[in-house]
Amino acid sequence: MAASRLPPATLTLKQFMRRQQVLLLYRKILRAIKQIPSDSDRKYLQDWAREEFKRNKSATEEDTIRMMITQGNMQLKELERTLALAKS
C-alpha cells in the first residue's frame, strides 16, 4: 500500500466546508456586535462570542457541529432583529 502524501491532519472536504461555515458565522456575529452602541454591552457580547467558539472548538461530531451552527445562526438573526428595532 502506498503512503499518502497528505499530512496526517488534513481535513476532508466535508470538514473543510463545515469549518468555512463556522468561520463565516463567527465573522458575521462579530460584525453584528460592532453595531451595538453601548461599549460595555459590545465588550460583553464580544467576550461571550469568543468564549463560546473557543469552548466548542474541539467538537468533532458532525451532527453536533451542524446543530451549533444552526443555533448560532438563530442567535445572529435575533441580534440583527434587536439592532434593527433599536435603530427604528
Side-chain angles (χ1 to χ4, degrees):
M1 180 183 241
S4 174
R5 299 178 112 189
L6 296 174
T10 302
L11 298 176
T12 65
L13 178 60
K14 190 178 235 182
Q15 291 169 329
F16 177 80
M17 297 300 289
R18 194 67 68 203
R19 181 177 186 272
Q20 295 306 309
Q21 286 180 314
V22 170
L23 292 173
L24 179 63
L25 175 61
Y26 183 67
R27 286 192 297 267
K28 283 181 178 180
I29 288 171
L30 289 181
R31 279 190 211 115
I33 289 172
K34 283 184 181 180
Q35 297 175 23
I36 296 173
S38 167
D39 288 340
S40 62
D41 290 342
R42 189 176 331 113
K43 175 76 170 119
Y44 172 78
L45 287 173
Q46 283 173 339
D47 291 344
W48 170 81
R50 284 188 184 114
E51 190 57 39
E52 282 295 306
F53 277 84
K54 280 183 187 178
R55 188 168 56 87
N56 294 305
K57 183 179 181 178
S58 62
T60 56
E61 189 153 335
E62 184 69 25
D63 291 337
T64 304
I65 295 170
R66 258 197 333 262
M67 181 194 67
M68 288 188 284
I69 291 172
T70 301
Q71 287 176 342
N73 280 316
M74 289 185 329
Q75 290 173 339
L76 174 61
K77 283 185 175 73
E78 182 64 32
L79 176 60
E80 289 170 340
R81 277 192 295 265
T82 303
L83 286 169
L85 284 174
K87 288 180 181 180
S88 62

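No experiment lies behind these values; they were computed from the predicted model shown. All values below were derived from every heavy atom in this structure, side-chain atoms included, with hydrogens, water molecules and symmetry-related copies excluded. One is the number of the first residue; the rest follow in order along the sequence.
Judged by distance alone, with hydrogens and angles left aside, the side-chain atoms of Arg42 form no donor-acceptor pair with the main-chain N or O of Gln35 at under 3.5 Å.
Going from atom CZ of Arg66 over to atom CE of Met68 covers 11.5 Å, rounded to the nearest 0.5 Å. Going from atom CE of Met17 over to atom CG of Leu13 covers 6.5 Å, rounded to the nearest 0.5 Å. Separating the NZ atom in Lys28 from the CG atom in Leu30 is a distance of 13.0 Å, to the nearest 0.5 Å. We find the CG-CG distance between Leu25 and Leu76 to be 6.5 Å, quoted to the nearest 0.5 Å. With rounding to the nearest 0.5 angstrom, the CD1 atom of Ile33 is 5.0 Å from the CG atom of Leu45. With rounding to the nearest 0.5 Å, the separation of CG in Asn73 from CD1 in Ile29 is 7.5 Å.
Using a cutoff of 4.0 Å between basic side-chain nitrogens and carboxylate oxygens, Glu52 and Arg55 are scored as salt-bridged. In summary, Asp47 and Lys43 engage in a salt bridge, as defined by a charged side-chain N under 4.0 Å from a carboxylate O. The existence of a salt bridge linking Glu78 and Arg81 is confirmed by a sub-4.0 Å separation between a basic side-chain nitrogen and an acidic carboxylate oxygen.
Residue Ala32 comes nearest to Leu79 through the heavy atom pair CB-CD2, 3.8 Å, listed as atom of the first residue, atom of the second, then distance. Pairing each heavy atom of Ile65 with each of Ala59, the nearest pair is CD1-O, 3.5 Å.
Surrounding CZ of Arg19 are at most 12 heavy atoms belonging to other residues, nucleotides or ligands under 6.0 Å away.
One side chain, Arg18 or Gln21, offers a donor N or O that lies under 3.5 Å from an acceptor on the other.
Side-chain heavy atoms closer than 4.5 Å link hydrophobic residues (I, L, V, M, F, W, Y) into clusters, and following such links, possibly through other members, connects Tyr44 to Ile36.
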